[in-house]
**Q** 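Just dropping this structure here.
Throughout, a chain's letter reflects where its sequence line sits, starting with A, and its residues are numbered from 1.
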Amino acid sequence: MKKAYLVLANGKVFEGWRFGAEASVTGELVFTTGVVGYLENLTDPNYYGQIVLQTFPLIGNYGVIEEDIPDKAQVAGFVVREWCDTPSNFRCQYDLDKYLKDQGIPGIYGIDTREVTRTIRENGVMAAMICDEVPADLSALTAYEIKDAAAAVTPDESAVLPAAGEELCRVTLLNFGSSAHIADALMAKGATVTILPYTASAADVLATDPDGIVLSEGPGNPNELTNAIETVKALVGKAPIFGVGMGHQILALAMGGKCEKLHHGHRGGNQPVKDLTGTRTYMTTQNHGYTVLADSVNATEIYRNVNDGSCEGLCYYPATPAQSVQFTPVYGNGPHDTSFLYTNYIETVIKSKKAGEC
Amino acid sequence: MPRDNAIQKVLVIGSGPIVIGQAAEFDYAGAQACRVLKKAGVNVVLVNSNPATIMTDKALADEIYLEPLNVDTIKRIIEKERPDSILAGLGGQTGLTIAMQLAKDGYLEKMGVRLLGTDADSITRAEDRELFKEAMEEIGQPLIPSDIAEDMDTAIAVAERIGYPVIIRPAFTLGGAGGGVAYNEEELRVVARTGLDLSPITQILVEKYIYGWKEIEFEAMRDAAGNAIVICSMENFDPVGIHTGDSIVVAPAFTLSPREFEMLRAASLSIVDALGIVGGCNCQFALNPESFEYAVIEVNPRVSRSSALASKATGYPIAKVTTQIALGYTLDEIKNEVTGTTFACFEPTVDYCVVKFPKWPFDKFGGKSRKLGTQMKATGVVMAIAPSFEMAIMKAVRGAEISLDTLNKAPMNDTPVEERLHNLDDLRLFTVFEAIKKGVSLDTINKITRIDKWFLSKLKKLADYEAKLAAEGLTEENYLIGKNFGYPDKALARLACVKEVPASMHRAASYKMVDTCGAEFAAATPYFYSSYDEACEAREILSTSKKERVIVLGSGPIRIGQGIEFDYSSVHCVWTLQELGY
């Protein structure tokens with residue numbers, strides 16, 4: 001057992017033990033409240049530059065199941081109360097410690113995670129470091145900011161992925177870093193999906209001859225991505241647009257809206273979202289630190305977070321064929337309660353495609 | 001939807017005397033229901049034959065009838081009181097069965113009495129084996145191969161078709177009374193006879209016996225608008241085969257990967273939707289530990305015994321919310337009273353482990369068989385909350401008042417421990433622990449008991465620690481590890497062979513809060529569990545209060561000779577102290 005420290009930018013220090021990679025790391029400290037799903041968290045590009053803390057104390061119970069996750073971990077560091085060195089599941093391949101070592105992700109355990117969570121809840125998201133010695137000078141820590149997150153996690157290459165079954169339409173997915181689960185959902189609904197990096201120009205996107213354009217999720221600050229905002233501005237009206245997560249924010253910015261940072265973000269699988277056009281409230285998976293100010297943009301707010309009233313979805317129809325949601329409709333093995341959003345979108349795209357052909 | 005103002009006078013059926021399978025849980029649920037109704041300005045008429053309940057207090061109901069719980073009595077009361085509605089889903093199976101009988105023969109309709117919450121058709125669909133099977137087939141939810149039988153010949157034919165061993169489940173009985181496992185026709189004849197005799201409608205289910213599968217429960221909640229959430233998952237330490245009421249149960253489920261978890265969560269939501277549940281509902285599943293194969297064991301279309309556990313395990317008041325839904329509210333309109341700022345329409349999350357441990361009556365009845373099976377035998381339960389499974393199970397065992405402060409219990413006889421591992425009895429946890437200490441491999445124990453290796457590995461950590469403590473003695477480091485494993489000072493001193501823990505070493509407990517949300521939001525209702533961290537939320541809160549404080553000691557688990565009378569007096573003690581300004 002090797003001693004380690006979790007040092008917060010506000011000067012609070014928590015003592016724990018090392019697991020995973022031995023390196024020291026600095027990142028933005030955020031917490032996530034899901035009981036299961038630690039592998040999904042570790043590999044979620046939305047966590048780029050962040051040290052992720054699990055509020056559930058027992059992490060690693062079912063070990064590592066490679067078939068459920070992409071091949072690369074994305075978090076900067078990992079904070080748990082207890083990690084399980086005796087995982088048990090019929091698909092378990094090995095334990096979490098080995099995974100973090102293989103992926104080069106430093107972890108710390110033995111932390112009073114509830115107390116750290118309370119600190120973030122009261123003071124907001126802040127930088128933190130996992131290290132072997134507490135530094136005397138915390139100025140590097142307080143100055144820490146996540147920069148160019150989308151650039152760091154988005155591959156430059158484009159790809160064309162076939163529809164599952166018969167091709168009903170062609171959708172071009174602008175990738176802001178986290179697009180695999182969105183592509184899977186669209187393909188399952190009958191779309192051939194062309195993935196382009198968010199750095200693509202409007203002309204690049206239109207050259208793929210899309211029936212619909214989807215803006216993906218991704219990490220970081222949407223206000224940084226000024227080129228992409230201009231690109232989306234040029235794409236508005238060319239085909240039905242659907243924005244998810246970062247895509248929702250970029251679309252709002254392209255339409256003249258504003259985004260701001262949340263106090264401590266939404267991260268977990270139990271975020272209640274109310275459908276303002278109907279009677280239902282849905283459980284959603286979320287992982288984001290920024291939010292769109294609903295009043296700042298000329299659109300109808302269609303979904304709202306029941307807990308804090310923040311904007312969760314905007315509809316630009318009838319003026320503009322575009323719609324967006326802040327939450328993740330389907331993420332890996334998380335709740336699928338709102339997967340109908342993809343079904344509805346694909347229907348819209350097919351309808352608009354047919355209208356265009358007549 | 002706002003409150004339905006047509007509801008002005010409601011008849012609430014309580015749960016009657018404490019019996020095995022129906023203990024204080026339903027007084028808890030019924031009392032919460034009465035409070036919600038009274039607060040909403042509803043005239044509450046309560047029937048319950050048990051005087052030791054909180055719900056029969058004048059403070060909770062306007063009219064109280066301490067009368068037998070049967071159809072005729074309830075009819076008489078309805079004729080006298082003329083309520084516009086009846087609330088039956090919170091008093092356990094007894095109240096629900098009476099209400100269903102009144103609904104079925106058209107009596108409720110004739111008297112203009114509405115059944116609040118889940119309607120009679122939905123309840124029938126969930127409780128009638130055949131209709132339930134149809135409903136599950138329609139939505140593609142797998143059931144364990146089974147068929148109903150109303151006589152012995154059919155029972156035998158069914159068993160032969162699906163293959164032995166089979167398990168017999170009588171329809172409409174409490175806590176699975178009259179059920180049992182049969183490995184051949186001879187045994188079946190005995191078990192099926194008892195089951196048929198005990199079922200009020202002479203009906204049994206003959207079902208494929210899937211011993212060794214994991215038993216997983218989900219508590220779900222649905223409103224009339226169709227919003228549905230899962231409040232809590234629970235996992236039985238003991239696999240399928242031992243009644244949930246007699247199983248050690250943990251919450252949340254510890255050994256499921258997200259794929260299994262979401263598969264069963266989605267199944268629960270699909271079930272409550274297909275059945276048209278309005279309020280709380282309990283879904284039980286069996287999950288093959290070696291694949292994604294699962295089966296729906298049963299669905300309780302009401303607030304159940306597990307609801308009390310799920311409520312206390314998460315802080316989410318299931319009975320209260322069920323009653324608010326019955327009054328017409330939707331989940332997004334109901335405030336989460338624990339945080340005071342968020343709403344009831346969310347899935348609670350926890351940042352601790354919960355262990356439920358049954359309280360059995362065997363110590364009172366020396367001669368009674370300690371064997372456990374499909375028929376519930378426990379009279380009460382204890383629940384423990386802690387940051388780790390080890391600490392939680394240690395606390396639970398201490399709380400059970402069985403004169404143990406560790407998992408070390410001397411065997412009752414000199415049968416070798418490997419043999420005793422085969423026994424399905426109340427000593428199983430201690431036998432397993434003994435076997436681990438004696439060096440029986442976890443694989444062997446798992447093979448015999450089918451208890452998941454995750455749990456066995458955790459117990460082994462305790463066994464290894466005790467060995468280390470005995471070898472190294474009580475060092476500062478060992479003391480701290482021990483405290484975090486849930487050992488009291490006395491037990492540590494004993495295990496380390498010292499007279500007592502030195503005063504300089506002693507650490508006081510700190511207290512953490514249960515808040516439904518893993519600390520994402522600040523909580524307004526103080527509800528604590530102990531840990532050995534530095535930060536203490538209880539001391540933080542207490543330091544801001546100027547009131548004098550009194551500690552009220554409750555009565556512990558329900559056992560023979562101590563029913564809920566002492567819960568009743570403790571509650572009154574607390575109310576009086578609050579009135580006096582403490």
**Q** Side chain, backbone, both or neither: which part of B:Phe521 has a heavy atom under 4.5 Å from chain A?
**A**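 The answer is both parts of B:Phe521.
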**Q** Need one label for B:Ala266: side chain, backbone, both or neither, based on atoms under 4.5 Å from any heavy atom in chain A.
**A**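 Neither part.
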**Q** Check whether B:Ala228 gets within reach of chain A through its side chain, its backbone, both or neither, counting any heavy atom under 4.5 Å.
**A**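 Only the backbone of B:Ala228 comes within 4.5 Å of chain A.
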**Q** I need the residue from B:Gly518, B:Ser457, B:Ser291 with the largest number of non-hydrogen atom pairs under 4.5 Å to chain A.
**A**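 Of the candidates given, the most pairs with chain A belong to B:Ser291.
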**Q** What distance do A:Tyr303 atom OH and A:Thr277 atom OG1 have between them, rounded to the nearest 0.5 Å?
**A**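 If I round to the nearest 0.5 Å, the distance is 6.0 Å.
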**Q** Return the option, out of A:Asn89, A:Thr113, A:Ile65, A:Thr117, with the maximum number of heavy-atom pairs under 4.5 Å with chain B.
**A**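 Heavy-atom pairs under 4.5 Å are most numerous for A:Asn89.
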**Q** For B:Asn446, which atoms come within 4.5 Å of any heavy atom of chain A: side chain, backbone, both, or neither?
**A**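 For B:Asn446, there is no contact with chain A at all, as no heavy atom is under 4.5 Å.
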**Q** With a 4.5 angstrom heavy-atom cut-off, could you sort out which part of A:Tyr62 is near chain B: side chain, backbone, both or neither?
**A**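 Side chain only.
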**Q** Please classify the contact of B:Leu442 with chain A as side chain, backbone, both or neither, using a heavy-atom distance under 4.5 Å.
**A**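 Neither; nothing under 4.5 Å.
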**Q** Would you mind checking which part of B:Ile229 comes under 4.5 Å of any heavy atom in chain A, side chain (CB onward), backbone (N, CA, C, O), both or neither?
**A**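 When you check distances to chain A, only side chain atoms of B:Ile229 fall under 4.5 Å.
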**Q** So, using side chain to side chain contact (heavy atoms under 4.5 Å, CB included) as the criterion, who are the partners of B:Thr349 when residues are at least two apart?
**A**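 For B:Thr349, the residues satisfying side chain to side chain contact (heavy atoms under 4.5 Å, CB included) (neighbours in sequence not counted) are A:Thr33, A:Val35, A:Asn270.
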**Q** Salt bridge check, A:Lys98 against A:Asp102: does any charged N sit closer than 4.0 Å to a carboxylate O?
**A**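 Salt bridge flag = yes for A:Lys98 with A:Asp102.
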**Q** Which bit of B:Ser388 comes within less than 4.5 Å of chain A, counting heavy atoms only: side chain, backbone, both or neither?
**A**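 Backbone plus side chain of B:Ser388, per the 4.5 Å heavy-atom cut-off to chain A.
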**Q** Under 4.0 Å between a side-chain nitrogen and a carboxylate oxygen: does that hold for A:Arg304 and B:Asp332?
**A**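 Salt bridge absent between A:Arg304 and B:Asp332.
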**Q** For B:Lys335, which residues count as a salt bridge (Lys or Arg N to Asp or Glu O under 4.0 Å) partner, sequence neighbours excluded?
**A**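 By the salt bridge (Lys or Arg N to Asp or Glu O under 4.0 Å) rule, B:Lys335 matches no residue at all.
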**Q** Given heavy-atom pairs under 4.5 angstrom as the criterion, report whether the side chain, backbone, both or neither of B:Met513 touches chain A.
**A**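 Answer is both: backbone and side chain atoms of B:Met513 are under 4.5 Å from chain A.
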**Q** Heavy-atom distance under 4.5 Å to chain A: side chain of B:Lys461, backbone, both or neither?
**A**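 Answer is side chain: those atoms of B:Lys461 sit under 4.5 Å from chain A.
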**Q** Run the numbers on B:Glu260 and B:Lys214 for salt bridge (Lys or Arg N to Asp or Glu O under 4.0 Å), then give the verdict.
**A** CA-CA 11 Å; B:Glu260 289 115 62; B:Lys214 294 182 187 186; 5.2 Å; no
**Q** What part of B:Arg259 gets closer than 4.5 Å to chain A, counting heavy atoms only: side chain, backbone, both or neither?
**A**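 Contact with chain A is through both the backbone and side chain of B:Arg259.
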**Q** Sort B:Pro387 into side chain, backbone, both or neither according to what part of it lies under 4.5 angstrom from a heavy atom of chain A.
**A**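 Both the backbone and the side chain of B:Pro387 come within 4.5 Å of chain A.
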**Q** So if I apply the ring pair (Phe, Tyr, Trp, His ring centres under 6.0 Å) rule between B:Phe261 and each of B:Phe218, B:Phe292, B:Phe254, which one comes out positive?
**A**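 Option passing the ring pair (Phe, Tyr, Trp, His ring centres under 6.0 Å) with B:Phe261: B:Phe218.
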